[in-house]
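Report on one structure; see the data block that follows.
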2 protein chains.
Amino acid sequence: MTVDVVILTITDEQLSVLLIRRGGAPYQNHWALPGGFKHPDETLDQAARRELREEAGIDAPAHLAQLQAYGDPGRDQRTNVVSIAYLAVVRDLAAPAPGGDATEAKVFPVSQSLAARVRLAFDHKRILKDAVDRVGAELEHSGLATAFVGPTFTLSELRSVYETVWGTPLDAANFRRSLISSDARFVESTGQTAPPGPEGGRPPELFRSTPQWNTGSPVKRSRKKGDDDPGR
Amino acid sequence: MTVDVVILTITDEQLSVLLIRRGGAPYQNHWALPGGFKHPDETLDQAARRELREEAGIDAPAHLAQLQAYGDPGRDQRTNVVSIAYLAVVRDLAAPAPGGDATEAKVFPVSQSLAARVRLAFDHKRILKDAVDRVGAELEHSGLATAFVGPTFTLSELRSVYETVWGTPLDAANFRRSLISSDARFVESTGQTAPPGPEGGRPPELFRSTPQWNTGSPVKRSRKKGDDDPGR
DNA sequence: GTAATAGTGTCTATTAGACATTATCCC
DNA sequence: GGGATAATGTCTAATAGACACTATTAC
C-alpha cells in the first residue's frame, strides 16, 4: 500500500508537475511521482501529506484530494503493490526541495512529461494523465482553479488558470460575469485593487475564494466548432 | 488490501443496496458490503468482479467503477487494512445468492440502510453514503442511469431512475427533449414500441443506450425554490 | 496623446422550465 | 365514449457567447 502524489502547479503559463528521481532500485533512470508506503497509524490523507513534506518539501498544499487506486499486477516490478494516487495543487514551486528517498526533484511541463519519448517509472504516466484529465473536468464544476493562485488574486490570474489547463482562450467579460453573478459565488471581492503591471492598465480588483468554493459550476468549457474533445 | 462493492439497484421505486452477513468474526450481527482481499495476480477491477460473483452471485453488472479508497486506521478492528470501494449497478436483484463467506444476502432500501438506528460493519455506512452521493452527481453528467434499466427501455423507465435517485419529479416533455436533442446523444430509438401497461395508454417508444453513453450531460438536476441542497 | 489592461453594457441564439395540446392505447 | 400514458408544440425567462464600449493606469 503506497501513496503517490501528483503535484501540479502552473509555471510560465504551463501546467506543470513535480517529479523526483531516487537512488538505487530499478527505474533509477526514470522520473517518478513522489510517494511511499502508508504507515499503519496514519490516514491516507496524512500519508499523502507526509510524502509531500518528506520528498518534495511541501508543507501546505492549497488543495489535496484523493484521485484513484491503481492495482494492476506488474505495475511495480519489485513488489505487487496497490497505490492510491493523490492530487496536490500548489501555487509556488520555484525551488523544489528533494528529501527522503528523493535525490533530485524538478518541475516539468505536463505536456512534456506526457510526451511519447519520455519514460516515467511504474505506471506513473497513466496516473499523471488521469490526474490532468480530472483537473480539467473539475475546473468546470468546482473552484479548484483558486488553488493554483494566491490567497487573493485578480480575475485575469484566475482566468489564466482556466485557459492554461483547458488550452482555450476565454472571453474576459463573460468569465467575470460567470464568477460574479449566478449562484456560484465561489469568489468574492476584497474591495482592494492590485497595482497594474509594468505595461500599465487599469488596476485590477482583488478577489478571494469563498469558503464554499467547492460547490456550483462557475465556468463552462466552451465546446465549439472544431473542438477536438480531449475526452474526460 | 481489500475491495468492497456497493451494489445498487432500484426496487419498488427505491434506490436499494445489497448487503450481506457473514458468520464468525466481529460484526457478525452487522450487515456489510460484499468484499474481500485482492489477489496478487488480479487487477482491482477483476477483484471487484470476483467478489461480486462469489459473495453476491452477480456475474455481469451493467456498470462497475472504482469509487474511492478508505484507509483510516481503526476502520477495521481486526487488521489495519485499506479498502478500495467499487460501485456496481445492476438491473435485476430479485433473488440475491449469498456465497463464499456470506451466509445471508439481502436488498435494503438505501434510505433505510443509512438511517441512524441501523448499524453497518466497519465504515461501510460512510462508503454507502459516498456511493449514493456519487451516483446522484454522475446522473447529471453521464448515462449511468441506463445501467439501472434493461438493454432496451422506455423514457418513462429512464426518467423514473432519475426521479428515484434524485427524489425530484421531472417534467416528461423536457426530459425527452434533453435526451433526444442536443449533442448528448446517449440514447437512441430502436424504432420499436413496447406494449402499454394494464392501464392502457399510448405504446411507448423503446430506446437503447449508445456506446458513447458516458459522455455529455443529458439531464440537469433542477435546483429550484426551497431546494435544500444535499451537497455533493 | 497612445498602448495596455480591467471592467461594463448590450445584443442574439440557445436552452431550461412550465404547461397546453395531440396521439394511441385500455376499458 | 372516459381514463391513462406517451409524445409534440409553444411560450417565457435565463443563460452562453460575441463583441462594442468605458475606465484607469504607464509611457
Side-chain angles (χ1 to χ4, degrees), chain A residues 13 139-141 149 152-163 166 168-207 216-227, chain B residues 13 139-141 149 152-163 166 168-207 216-227:
Chain A
E13 306 272 306
L139 281 197
E140 213 159 348
H141 301 290
V149 295
T152 65
F153 47 86
T154 68
L155 291 188
S156 291
E157 289 171 349
L158 194 62
R159 180 163 48 84
S160 171
V161 172
Y162 282 89
E163 293 176 333
W166 287 348
T168 319
L170 294 174
D171 184 284
N174 296 333
F175 181 82
R176 184 188 183 84
R177 241 191 311 276
S178 300
L179 294 191
I180 304 302
S181 78
S182 89
D183 50 353
R185 282 295 188 81
F186 85 112
V187 298
E188 59 186 15
S189 171
T190 62
Q192 300 179 312
T193 58
E199 305 274 275
R202 176 169 170 174
E205 216 172 336
L206 275 175
F207 288 80
S217 62
V219 183
K220 267 201 181 164
R221 189 176 343 200
S222 68
R223 299 204 179 284
K224 296 193 309 182
K225 51 179 180 180
D227 189 352
Chain B
E13 307 272 306
L139 281 196
E140 214 160 345
H141 301 291
V149 295
T152 65
F153 46 86
T154 67
L155 291 188
S156 290
E157 289 171 350
L158 194 62
R159 180 163 48 85
S160 171
V161 172
Y162 281 89
E163 293 176 333
W166 288 348
T168 320
L170 294 175
D171 184 285
N174 297 332
F175 181 82
R176 184 187 184 83
R177 241 192 312 275
S178 300
L179 293 193
I180 304 301
S181 77
S182 88
D183 50 352
R185 282 292 189 80
F186 86 113
V187 299
E188 59 188 14
S189 172
T190 64
Q192 301 180 312
T193 58
E199 305 274 276
R202 176 170 173 173
E205 215 172 338
L206 275 176
F207 288 79
S217 63
V219 183
K220 267 202 182 166
R221 189 177 340 199
S222 68
R223 299 204 179 284
K224 297 193 309 180
K225 50 179 180 179
D227 189 352

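None of the values given here were measured: they were computed from a predicted structure. By convention in this document, chain letters (A, B, ...) are assigned in the order of the sequence lines, proteins followed by strands, and residues within each chain are numbered from 1.
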**OP:** Check every strand shown and say whether A:P198 touches a base, only sugar-phosphate, or nothing at a heavy-atom separation below 4.0 Å.
**Re:**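 If one applies the 4.0 Å heavy-atom cut-off, A:P198 turns out to touch the sugar-phosphate alone, with no base involved.
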Original post:
Base, sugar-phosphate, or nothing: which does A:S156 touch, judged by heavy atoms less than 4.0 Å apart?
Top reply: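 Since only primed, P, OP1 and OP2 atoms lie under 4.0 Å of A:S156, the category is sugar-phosphate.
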How many whole angstroms separate atom [atom1] of [X] from atom [atom2] of [N]?
{"X": "A:L179", "N": "C:dG7", "atom1": "CG", "atom2": "P", "result": "12 Å"}
{"X": "A:F175", "N": "D:dC19", "atom1": "CZ", "atom2": "C1'", "result": "18 Å"}
{"X": "A:Q192", "N": "D:dT24", "atom1": "CD", "atom2": "P", "result": "18 Å"}
{"X": "A:L170", "N": "D:dG17", "atom1": "CG", "atom2": "C1'", "result": "11 Å"}
{"X": "B:F153", "N": "D:dA6", "atom1": "CZ", "atom2": "C1'", "result": "16 Å"}
{"X": "B:R176", "N": "C:dT15", "atom1": "CZ", "atom2": "P", "result": "18 Å"}
{"X": "A:E205", "N": "C:dT5", "atom1": "CD", "atom2": "C1'", "result": "14 Å"}
{"X": "A:I180", "N": "D:dT15", "atom1": "CD1", "atom2": "P", "result": "15 Å"}

Enumerate donor-acceptor pairs with a distance under 3.5 Å from any side-chain N or O in residues 196-205 of chain A to protein atoms, sequence neighbours excluded.
from   : atom 1 : to     : atom 2 : distance (Å)
A:E205 : OE1    : A:R176 : NH2    : 2.8
A:E205 : OE2    : A:S189 : OG     : 2.9

Anything under 3.5 Å between a protein N or O and an N or O of nucleotides 23-25 of chain C, put it in a table, one pair a line.
from   : atom 1 : to     : atom 2 : distance (Å)
C:dA23 : O4'    : B:R202 : NH1    : 3.3
C:dT24 : O2     : B:R202 : N      : 3.0
C:dC25 : O2     : B:G201 : N      : 2.7

Original post:
Does B:N174 offer a backbone N or O that forms a donor-acceptor pair with the side chain of B:S178 under 3.5 Å?
Top reply: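 Yes, B:S178 side chain to B:N174 backbone: donor-acceptor pair under 3.5 Å.
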At their closest point, which heavy atom of [X] faces which heavy atom of [Y], and how far apart are they?
{"X": "A:L158", "Y": "A:F175", "result": "C-CZ, 4.0 Å"}
{"X": "A:E157", "Y": "A:T152", "result": "OE1-O, 4.4 Å"}
{"X": "A:E13", "Y": "A:S160", "result": "OE2-OG, 3.7 Å"}
{"X": "B:L139", "Y": "B:V161", "result": "CD1-O, 4.5 Å"}

Original post:
Heavy-atom count around A:Q192 CD within 6.0 Å, excluding the residue itself: above 12?
Top reply: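 No, because the 6.0 Å sphere around CD of A:Q192 holds 12 heavy atoms or fewer from other groups.
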Original post:
Between B:F153 and B:F207, how do the two ring planes meet: parallel, tilted or perpendicular, split at 30° and 60°?
Top reply: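 Rings of B:F153 and B:F207: parallel, under 30°.
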Atom pairs, N/O to N/O, protein against nucleotides 9-12 of chain C, distance under 3.5 Å?
from   : atom 1 : to     : atom 2 : distance (Å)
C:dG9  : O6     : A:R177 : NH2    : 3.4
C:dT10 : O4     : A:R177 : NH2    : 3.2

Original post:
Would a 4.5 Å heavy-atom cut-off, applied to side chains only, mark A:T193 and A:L206 as touching?
Top reply: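 A side-chain contact is absent here, since even the closest heavy-atom pair is not under 4.5 Å.
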